Each structure stands twice: as C-alpha cells, then as structure tokens.
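Keep in mind that this is a model prediction, so the values were computed, not measured.
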Amino acid sequence: MISRIDLRGDALPEGGALRDLLPRAEFDVEAALEKVRPICEDVHHRGTAALIEYAQKFDGVTLEQVRVPAAALKTALDELDPAVRAALEESIRRARIVHREQRRTEHTTQVVPGGTVTEKWVPVERVGLYAPGGRSVYPSSVVMNVVPAQEAGVESIALASPPQKEFGGLPHPTILAACALLGVDEVYAAGGAQAVAMFAYGTSGPDGCPPANMVTGPGNIWVAAAKRYFTGKIGIDTEAGPTEIAVLADSTADPVHVAADLISQAEHDPLAAAVLVTDSAELADAVEKELEPQVAATKHVEDRIKPALAGKQSAIVLVDSLEDGLKVVDAYGAEHLEIQTADAAAWAARVRNAGAIFVGPWAPVSLGDYCAGSNHVLPTGGCACHSSGLSVQSFLRGIHIVDYTRDALAEVTHHVVTLAEAEDLPAHGAALKARFGWKVPTQ
C-alpha cells in the first residue's frame, strides 16, 4: 500500500542530493500556466460574461450572476447545523486569539540624535480570498483566510468559491455560512484560474468585482498556475501544491496514531503526500500493518486514499538515527510535520524547515486543520525552506519613515557622498550637497 525508502547504512547526502531521494508529487505548474493564460485573459476582456461561461464549462452550472446574494448568505447561516456552527465559532475564536497576537506595532528607532527611522505596518487595501470547492468543502479555509486578513485590518475582503450544481450554482452552503459568521458579505461563485483572474483584473457592472491587491488561499493546480501568472501584478501567498504530512517517529510512537495521521492527509487528494521517517523498522512494520484495516474502515478509499498512499509522493523512510531523521525532514520541508518521539518538544525545537510542527501524540495535524488556533494555509512542495504559512503578516506592508534634522544630515553627508561616488552616482551625493551650499559639511 505504501513504498519504502531505505536510507540506512551510508552517510546521508547533503542538500539537493538528499532532497532528490525523497518522495514528492509531480505538480507541473509551468505546464498548467499555458492552459490558464487564455482563461485569465478572457476574464480580463469579457469579465462577468467569461466567468458565467466558465461556470457552465467547468462546473456544469448556469449562472445569472456571479456575486452571491446577501439573502443566500443569511439563509445558509440560518440553516446551518447547530453543531457545525458551534464548531466553526470555536475555530474562529481560537484563530482570532492566535492571529491577534501577530499584529505588529509601529516602532521608532533613534539612529543618531535628530535622526529616526520609524517602521509602520499598513494593511493591504483589498484582498481576494479563495476557498476550494472541488473534492471536498472547506469552510475551515474560509476561517484561515479571513481571520488573519481581518486581524491585519484589511478594509475590503472578498471571497470566491466554485459554484456547485447541487446547490443551484451557489458555493457550498457551509462556505456561505462561514462567510456570514465572519461578516464577509462580498462572495462570488467562481472557481479555478478564472476566480484568480477576477480578483486580479476586476470585473465591471452591477455584478462586478473590484480588483484586489492580493489573492490568498489554497487551490488546485489551476489556481496555483493563475497565481504564478499574476505574480508581480498582485500579491499572492504561495503556489499551493498537493497537501503533505511528514511524521518523524521513533519506537515510542503509537503505530495506530501514525497510521491514522497518514491516512488523514491522504484523504484530501490522490496526489496528497504521506511520509513517515523513522529509525525503527519495528514501527515501520507496525504502521504498514495498521494501514490496512484503518483504510478499509474509512471513506474515499479508491479515489483518494489508496492512490495517495501508493503514489510516488508517499513512503516510509528508514534512517539509522533520529539525527538522520531530522536531516531528512529538514530536507523534505513538509507542509505539516508531526514529531512523535521521546522528548518530542526538544526534537521539534531543532527543526528548521516545516510549514507547521505538531509536537507529540496529542497534537495531530487534524487539530491544526480546524481548532488549534494556528493557520492551515501553509507552504507545500518543499517551499517551507524559504516561505511561511498565512498569517497577519501576510496582509501587512512595512513602510520606513525617515526623519532627520539638518544637523543629523550634516553629520553623515560625507559618508553618503563617498558611497554615491564609489557607485558612480554623483547626483546622489549632489542631492545632499545642494542642501549645504554645494559643500560637504566639515566634521
């Protein structure tokens, strides 16, 4: 059901050579880019008409308008299962606790007497948030996108989610209910690359969507390709690829827990990655044995879980020691990394590359997906070595405010002029000389 990679016996290679030995899903964004390009430009030129046409083509629904009526949002919330509502409210509450603490404050540094640099943090004016709606419904992604944007102080928030034939061309009602709970009333029935294009270019008319400064949220390869297409025109969070879990475990780990956690990620998508890294062959055997009955007892077996576990992106990786295991998980840079070892907190503290780290047997990835308070929009495909998950910081821009008096400028002018001339940019130095009668002040 799941393959093995045996890295025992020899010294582990370094850097890219080690990464090349590890499992990873094939996810060719560049190839998809050529397919989404005409879709994005069609939305650019035809706006809402193109969105309606693509809803028919890709989602099998006939829309009269793309923006979701306010009444539909209210109805979705009124009809929401009370237990689901309570769970969403708790998820929102915990997410707000964590994300509110992330908000940076203005800070002024006195560099010299009379010379200060202030860094202020300003939210982007408008964001477009994407909530997937393909194989599963993700109201949790609504929470994870909206809460940090709101806590950052973003004034204008719009959300798009694919139209669903089952619900008369509206996004899934649980998505709509989550929007209503969060106070987001600008919602569009649009999916895939066309939704990203709608946010990037904007559309006109009474049903139109003003352009956004930034687009965030997970999605399929077409969403990722559209984000790449618009990089530079709008801000993006990340080009999210297939979801991943890596588990670093030793002989103290419970194979029932490890198997359950691998399966929980595999049920997302046939390209989802489930990787166990362990120095215990006994644990590897026990986990492999445990997978069979747990997979048989759940849903989405043939279309998602079995292909995901059997795919080249999933494996049990055997190493000689936890030190080697740490090297492996750092090279892999998992979206979600569980540490199920003795002294798990100490090992977690040494990890450098992961989207989020889950410490010990009582902090499974599923907790982070919904109610830990952390964010589940995280870097995939090894991007955790250079990128972070979605946070309040994602929606803020740091702006430096430079304030110098005449004396403070005079004190440093000779250094500025020297550096400007060293770079063969004499006009830079002249901009200071002009303030002092074209002479460099005497020190």
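Ile236 is not listed as a side-chain neighbour of Met214, based on a closest heavy-atom distance of 4.5 Å or more. Between Glu323 and Arg350 there is a side-chain heavy-atom pair separated by less than 4.5 Å. Residues Arg126 and Glu155 form no side-chain contact, since every pair of their non-hydrogen atoms from C-beta on lies 4.5 Å or further apart.
Judged by distance alone, the side chains of Asp261 and Gln340 do bring a donor and an acceptor atom under 3.5 Å apart. Remark: the Tyr201 side chain and the His45 side chain contain no N/O donor-acceptor pair separated by less than 3.5 Å. No side-chain donor-acceptor contact under 3.5 Å links Tyr332 and Asn353. Between the side chains of Thr62 and Gln56, at least one donor N or O lies within less than 3.5 Å of an accepting N or O. A donor-acceptor pair shorter than 3.5 Å cannot be found between the side chains of Gln164 and Glu166. Under 3.5 Å, the side chains of Thr380 and Glu244 contain no donor-acceptor pair of N or O atoms. Looking at Ser141 and His376, their side chains do bring a donor and an acceptor atom within 3.5 Å of each other. For the residue pair Gln393/Arg103, the side-chain donor-acceptor check at 3.5 Å is not satisfied. In this structure, a donor-acceptor pair under 3.5 Å is absent between the side chains of Thr48 and Asp207.
For Tyr370, the OH atom sits in a loose shell: 12 or fewer heavy atoms of surrounding residues, nucleotides or ligands are nearer than 6.0 Å. Heavy-atom neighbours of Gln110 CD from other residues, nucleotides or ligands within 6.0 Å: above the threshold of 12.
Under a 4.0 Å N-O distance rule, the pair Arg46/Glu53 qualifies as a salt bridge. Ion pairing between a basic and an acidic side chain is recognised when a charged N comes within 4.0 Å of a carboxylate O; Asp285 and Lys289 show no such pairing. Remark: Arg85 engages Glu89 in a salt bridge, criterion side-chain N to carboxylate O under 4.0 Å.
In this structure, the ring of Phe230 has its center no less than 6.0 angstrom from the ring center of Phe199. Taking the six-membered ring for Trp and the full ring otherwise, the centers of His257 and Trp362 sit less than 6.0 Å from each other.
Applying the side chain to side chain contact (heavy atoms under 4.5 Å, CB included) test between Glu267 and each of Asp303, Ile305, Thr243 identifies Ile305 as the sole match.
Side-chain atoms of Ser314 never come within 3.5 Å of backbone atoms of Gly311 as a donor-acceptor pair (strictly under, hydrogens ignored). Distance alone, capped at 3.5 Å, is enough to place a donor-acceptor pair between the Asp81 side chain and the Ala83 backbone. Side-chain atoms of Lys227 come within 3.5 Å of backbone atoms of Thr238 as a donor-acceptor pair (strictly under, hydrogens ignored). Of the possible polar contacts, none joining the Thr298 side chain to the Gln294 backbone as a donor-acceptor pair under 3.5 Å is found.
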- Going through the checks in order, is the side-chain hydrogen bond (donor to acceptor under 3.5 Å, both in side chains) test met by Ser280 and Asp250? CA-CA 6 Å; Ser280 169; Asp250 63 12; over 6 Å; no
- With side-chain hydrogen bond (donor to acceptor under 3.5 Å, both in side chains) as the test, would you mind laying out the steps for Tyr229 and Glu34 before giving the verdict? CA-CA 9 Å; Tyr229 183 69; Glu34 294 308 309; over 6 Å; no
- Message: Checking Ser251 against Glu282 for the side-chain hydrogen bond (donor to acceptor under 3.5 Å, both in side chains) test, could you report, in this order, the C-alpha distance in whole Å, the side-chain angles of both residues, the deciding distance, and whether it holds?
- Response: CA-CA 7 Å; Ser251 60; Glu282 292 76 15; over 6 Å; no
